[in-house]
Amino acid sequence: MYLCNVMKQIIRNSQAKLVERLKEPRSFIQVLVGPRQVGKTTMAKQLLKSLKEPGTYITADNISNADGQWLATQWEMARIIQKQVPTKPYILVIDEIQKIDNWSEVVKQFWDQDTADEIPIKIMLLGSSRILVQQGLTESLLGRFEKHYISHWSYTEMQEAFKVSLNEYIWFGAYPGAAGIMRDEERWKNYISDAIIEPAISKDILMLTRIDKPALMKKLFELGCSYSGQILSFTKILGQLKDAGNTTTLSNYVSLLDTAGLLSGLEKFSFNKIRQRSASPKFLVQNTALMSAYYPHTLKEAIADRQLWGRITESAVGAYLYNQSIEGRYSLTYWREGNEEVDFVLQKDKRIVCIEVKSNLEKKEVNHSSFLKQYPKAKTILIGGRNGIPLETFFKMDPRDLF
């Protein structure tokens with residue numbers, strides 16, 4: 001209820017766009033994908049209330065036998081209701097669509113039938129696993145949908161909604177549902193672990209994808225969060241985890257964690273795709289709450305630990321760049337050769353931006369001369385520190401403006 005009240009006050013850019021799409025004549029299925037607990041469901045329900053057209057919200061999240069027949073029944077019920085007011089379109093919102101067996105075939109069948117029969121039912125699909133939703137879209141629904149990525153909340157949104165400070169945003173991250181309990185850090189960490197991490201892994205990955213070693217995936221996630229902002233080879237990880245299988249298994253698990261909006265493994269920047277994929281990944285949480293929840297520190301203690309605060313700050317910058325990259329359509333990588341390293345490399349078409357991050361507490365030498373020799377047209381940006389873009393200013397920017 002608290003989050004619903006906040007969402008009434010905060011209109012995200014994606015929400016405003018969706019309002020305009022749903023006001024248009026029926027033409028495309030609107031698809032919302034994004035991590036758990038970022039407000040997709042709340043946004044969809046608020047949209048239904050704000051629009052004058054009638055509609056229904058349904059979810060497959062807690063349906064044990066959510067299959068194509070269940071979905072077909074829900075759609076038929078929407079048709080019956082729509083016929084009662086034939087002069088008005090009807091909006092059907094289907095949440096956690098990836099959990100319905102054979103969902104894309106059923107959606108295609110009913111959507112095409114409605115199109116042929118001129119039944120004005122508009123469809124909005126919600127999903128928390130990008131890869132599973134995308135598979136269904138590309139297999140059956142090509143040319144029939146528009147996709148919107150609902151990302152983790154930005155600093156601007158968290159500040160406007162919950163009055164968080166910059167340091168609070170860096171440490172506590174951007175889960176709106178947890179913002180009200182930040183002051184009780186033990187309670188907050190339990191909430192992140194029990195209400196966000198556990199369901200995201202168990203429901204969005206383990207229940208929907210064949211995983212031979214679920215315990216290994218969970219340990220890999222914990223390790224990746226602890227090493228967020230650092231480059232770590234899968235070979236070294238194998239030495240730290242028992243029954244770790246092989247590097248291919250670990251790489252696949254990181255990809256699944258990535259699509260669930262949890263943890264990414266950034267590739268090394270290179271125009272040579274083979275070299276890029278063979279290099280060690282740089283782990284990066286997509287929300288710093290996932291990182292902070294595993295540390296025994298409080299916010300005050302973390303700030304006092306210069307090295308830790310530097311890693312948290314770099315991860316916060318990286319998470320923001322990553323979340324914005326999906327809608328912004330630029331790639332996010334890192335670069336390292338010998339002792340020289342670039343924290344993040346942004347690429348859009350032929351334009352390249354290399355980014356170095358410094359917290360105000362961190363003593364960090366910046367040296368990337370070799371990178372600039374290889375890519376002399378690259379633009380260099382320093383974020384934080386005395387001479388860089390202030391962190392607060394950066395978190396309010398559109399990263400595409402850096403190009």
Side-chain angles (χ1 to χ4, degrees), residues 3-4 7-8 10-22 26 28-51 53-63 66-68 70-75 77-78 89-108 110-111 121-141 144-153 175-177 195-196 199-200 202-205 207-209 259-262 286-287 323 326-327:
L3 179 55
C4 290
M7 289 290 287
K8 289 179 182 178
I10 304 298
I11 304 298
R12 307 190 73 185
N13 292 334
S14 49
Q15 185 172 349
K17 186 192 299 183
L18 280 164
V19 169
E20 295 304 315
R21 294 289 190 274
L22 291 172
R26 178 186 182 277
F28 297 105
I29 298 169
Q30 301 300 318
V31 182
L32 280 65
V33 293
R36 278 184 171 265
Q37 298 297 317
V38 297
K40 298 188 301 298
T41 298
T42 303
M43 182 185 296
K45 291 180 177 179
Q46 291 297 336
L47 285 171
L48 283 178
K49 289 183 179 180
S50 65
L51 295 169
E53 298 169 355
T56 299
Y57 167 88
I58 60 173
T59 179
D61 196 22
N62 296 313
I63 305 298
D67 55 13
W70 176 84
L71 178 56
T73 300
Q74 303 300 317
W75 204 304
M77 291 174 61
Y90 191 85
I91 301 173
L92 177 60
V93 179
I94 309 168
D95 204 348
E96 298 295 346
I97 188 68
Q98 78 278 355
K99 296 184 178 180
I100 304 173
D101 293 337
N102 199 37
W103 68 268
S104 58
E105 289 297 329
V106 176
V107 170
K108 178 179 182 296
F110 278 76
W111 176 263
I121 295 181
K122 301 177 182 179
I123 300 296
M124 185 189 301
L125 307 178
L126 280 64
S128 52
S129 176
R130 291 203 317 272
I131 189 169
L132 292 176
V133 173
Q134 185 62 36
Q135 286 174 353
L137 294 175
T138 54
E139 287 170 0
S140 303
L141 296 171
R144 297 172 175 84
F145 69 91
E146 289 182 303
K147 188 171 65 173
H148 311 269
Y149 182 68
I150 312 301
S151 68
H152 291 282
W153 283 40
Y175 284 112
I196 294 179
S202 62
K203 289 188 175 184
D204 296 339
I205 300 178
M207 287 181 62
L208 302 175
T209 309
T259 62
L262 298 172
Q286 295 180 26
N287 190 317
N323 289 311
I326 298 173
E327 285 289 298

When you compare the side chains of Ser140 and Glu105, does any donor N or O come within less than 3.5 Å of an acceptor on the partner? yes
Nearest heavy-atom neighbours spanning Tyr149 and Gln286: OH-OE1, 4.2 Å
Any Ile29 side-chain heavy atom under 4.5 Å of Glu146 side chain: no
Looking at every heavy atom in both Val38 and Trp153, which two are closest together, and how far apart are they? O-NE1, 2.9 Å
Pairing residues for Glu53 by the side chain to side chain donor-acceptor pair (under 3.5 Å) criterion, not counting sequence neighbours: Lys122
So, do Ile58 and Val93 sit near enough that their side-chain heavy atoms are less than 4.5 Å apart? no
Between CE on residue Met124 and CD1 on residue Ile94, distance to nearest 0.5 Å: 11.0 Å
Please check this pair: side chain of Lys40 against backbone of Ile150, looking for a donor-acceptor N/O pair closer than 3.5 Å. no
Does Lys99 reach the side chain of Asp204, with side-chain heavy atoms less than 4.5 Å apart? yes
Mind checking the CD-OG1 spacing from Gln46 to Thr42? Nearest 0.5 Å is all I need. 7.0 Å
Minimal non-hydrogen separation, Ile100 against Ala60, with atom names: CG1-CB, 3.6 Å
Under a 3.5 Å threshold, yes or no: a donor from one side chain and an acceptor from the other, between His152 and Asn287? yes
Any chance you could measure Ile205, atom CD1, to Leu262, atom CG, to the nearest 0.5 Å? 6.0 Å
State, with a plain yes or no, whether a side-chain heavy atom of Gln30 is found less than 4.5 Å away from one of Ile123. no
Taking all non-hydrogen atoms of both residues, which atom of Gly55 and which atom of Tyr90 are closest, and how far apart? C-OH, 3.6 Å
With the side chain counted from C-beta on, respond yes when Thr41 and Thr59 share a heavy-atom pair under 4.5 Å apart, and no when they do not. no
Would you say the side chain of Phe28 lies within less than 4.5 Å of the side chain of Arg144, judging by non-hydrogen atoms? no
Side-chain H-bond candidate by donor/acceptor type, Glu96 with Ser128, under 3.5 Å: yes
Taking atom CG of Leu22 and atom CD of Glu20, what is their separation to the nearest 0.5 Å? 9.5 Å
Check whether any side-chain heavy atom of Lys147 sits under 4.5 Å from a side-chain heavy atom of Val33, and report yes or no. yes
Output the distance between atom OH (Tyr57) and atom CG (Leu47), rounded to the nearest 0.5 Å. 12.5 Å
Give a yes or no answer on whether the side chain of Trp103 reaches the backbone of Gly68 with a donor-acceptor pair at less than 3.5 Å. no
For the student: nearest non-hydrogen atoms of Gln98 and Leu126, plus distance: OE1-O, 4.2 Å
Check whether Arg26 reaches the backbone of Ile121 with its side chain - one donor and one acceptor, N or O, closer than 3.5 Å. yes
Residues Ser104 and Leu141: closest non-hydrogen pair is O-CD2, 4.0 Å
Side chains of Leu125 and Leu32: closer than 4.5 Å at any heavy-atom pair? no
Under a 4.0 Å N-O cut-off, is there an ion pair linking Arg36 with Asp61? yes
